Amino acid sequence: MTHSRTLSALGLYRRMAGASIVAQLRYPGTFAIQAIGNFITTLLGFFGIWSLFRRFGSIAGWDIGTVAVLYGLVNVAFAVAETLGRGFEVFGGEYVRTGSFDRLLLRPRSTLILLLGHELRLRPIGRFLQGAFVLIAGLWLAPHVQWSAVLVLPLAIAGGAAMFLGVLIGQAALCFITVEGLEVVNVLTYGGVEAGQYPLTMFGRWLRRFITFVLPLAAVCYYPALFSLNHPDPLGVPTWIGALSPIAGFAFLGVMVLIWHRAVAGYVSSGS
């Protein structure tokens, strides 16, 4: 029974995602402009980092190749989460405030599946391609790339996407209290992307602990990059940790899903 329900949910999501893709590609010119604009915007962000290392060569033992791997990892992961999590990103304004969430509760399907199928947004493909390009360039430039990076980096991308998706789900769960999404949550999404582009040693102790043990950004980006590049951690953490740490991203997503289910169970309709 559970297996058939899972297949049914996946089939529903596939149909909803397909309809969303078809709708966005109905105007291919608009889609191309948005994707190219997204690519150029994020690429300009990397030029700032590139200019810094071009001027100074290396900073505290970090060169442009190593930092490019960090940059590519976090941007590819975030692009995947952006693509999947649009329904949770707009949840407060489009579902809670308008009362439309009541209609989702009447449907015999998981609200998580229905919101994931709200819109499979294609615009982040620009960020994805740009991040992938920088990641590959970083691996090419880095002096000591381990063959195991072929296995660890995809796991890190998946773990990072799970973590960012978890942030979006947590933001949506918070809307049951605040109605509208809080801008402060952007510190964990777009701010997390910015923080993940730089070595952990650049931040203060409290921030290092926060993005390691609360929001596991370092676990899905920093430590897998160190492991893949055979780069010793200046903070003394064993390099092999990076082979396992991306699992923290999936654990974070699991916690956010539990919080979501608790929030839905306590939801009281406004009656509007």
Side-chain angles (χ1 to χ4, degrees), residues 38 41-46 48-49 62 66-92 121 123-124 126-128 130-132 134-135 138 152-175 178 181-226 233 235 237 241-242 245-257 259-260:
N38 194 252
T41 300
T42 52
L43 186 61
L44 289 175
F46 180 71
I49 300 174
W62 299 88
T66 308
V67 173
V69 171
L70 291 174
Y71 179 96
L73 272 178
V74 72
N75 276 277
V76 170
F78 183 64
V80 174
E82 266 194 309
T83 299
L84 299 174
R86 178 63 174 173
F88 298 100
E89 191 174 354
V90 300
F91 180 73
R121 188 165 51 170
R123 187 173 64 87
R127 180 188 291 272
F128 180 91
Q130 184 265 343
V134 173
L135 175 59
V152 173
L153 293 183
L155 178 62
I157 291 171
M163 185 206 72
F164 282 117
L165 184 59
V167 172
L168 295 176
I169 293 174
Q171 177 185 15
L174 190 61
C175 290
T178 62
L182 297 178
E183 289 296 327
V184 70
V185 180
N186 289 336
V187 173
L188 303 181
T189 52
Y190 297 101
V193 173
E194 291 296 322
Q197 298 172 6
Y198 298 95
L200 197 61
T201 51
M202 293 184 61
F203 306 114
R205 178 179 297 178
W206 72 270
L207 185 55
R208 292 201 303 266
R209 290 178 176 175
F210 179 81
I211 61 178
T212 300
F213 301 108
V214 180
L215 179 72
L217 180 63
V220 299
C221 180
Y222 178 75
Y223 293 116
L226 292 184
D233 180 23
L235 299 175
V237 176
I241 290 293
S245 61
I247 297 173
F250 299 102
F252 181 83
L253 174 60
V255 171
M256 291 299 105
V257 168
I259 291 175
W260 169 261

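Computed from a predicted model, the values in this text were never measured in an experiment. The chain is numbered in sequence order, starting from 1.
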Q. With side chains defined as the heavy atoms from C-beta onward, is the minimum distance between F164 and V193 less than 4.5 Å?
A. yes
(Q) I need the minimum non-hydrogen distance between A161 and A81, along with the two atoms involved. (A) O-CB, 3.6 Å
Q. Between P224 and V152, what is the shortest heavy-atom contact and its length?
A. CB-CG1, 4.0 Å
Q: Report yes if the side chains of Y222 and T212 come closer than 4.5 Å at any heavy-atom pair, otherwise no.
A: no
Q | For R121, salt bridge (Lys or Arg N to Asp or Glu O under 4.0 Å) partners two or more places apart | A | E82, E89
Q | Minimum side-chain heavy-atom gap D233-I241 below 4.5 Å | A | no
**Q.** Closest non-hydrogen atom pair, G196 against C221
**A.** O-SG, 3.4 Å
Q. Quick one: CE on M163 to CE on M256, what's the gap to the nearest 0.5 Å?
A. 11.0 Å
Q.
Using 0.5 Å steps for rounding, measure from the CG atom of L168 to the CZ atom of F91.
A. 13.0 Å
Q | With V257 via side chain to side chain contact (heavy atoms under 4.5 Å, CB included) - residues at least two apart | A | L112, I169, L253, H261
Q | By ring-ring contact (aromatic ring centres under 6.0 Å, His included) - contacts of F88 (at least two apart) | A | W260
Could you list the donor-acceptor pairs under 3.5 angstrom formed by side chains in residues 67-80, with sequence neighbours left out?
{"unit_1": "Y71", "atom_1": "OH", "unit_2": "T42", "atom_2": "O", "d": "2.6"}
{"unit_1": "Y71", "atom_1": "OH", "unit_2": "Q130", "atom_2": "NE2", "d": "3.1"}
{"unit_1": "N75", "atom_1": "OD1", "unit_2": "R127", "atom_2": "NH1", "d": "2.7"}
{"unit_1": "N75", "atom_1": "ND2", "unit_2": "Y71", "atom_2": "O", "d": "2.9"}

Q) Take atom CZ in F252; do more than 12 heavy atoms of anything else shown fall under 6.0 Å from it? A) yes
Q: Check side chain to side chain donor-acceptor pair (under 3.5 Å) between S245 and all other residues, then give those that pass, not counting sequence neighbours.
A: none
Q) Taking only residues two or more places apart in sequence or in another chain, which ones pass side chain to side chain contact (heavy atoms under 4.5 Å, CB included) with R208? A) L200, F203, R205, L235
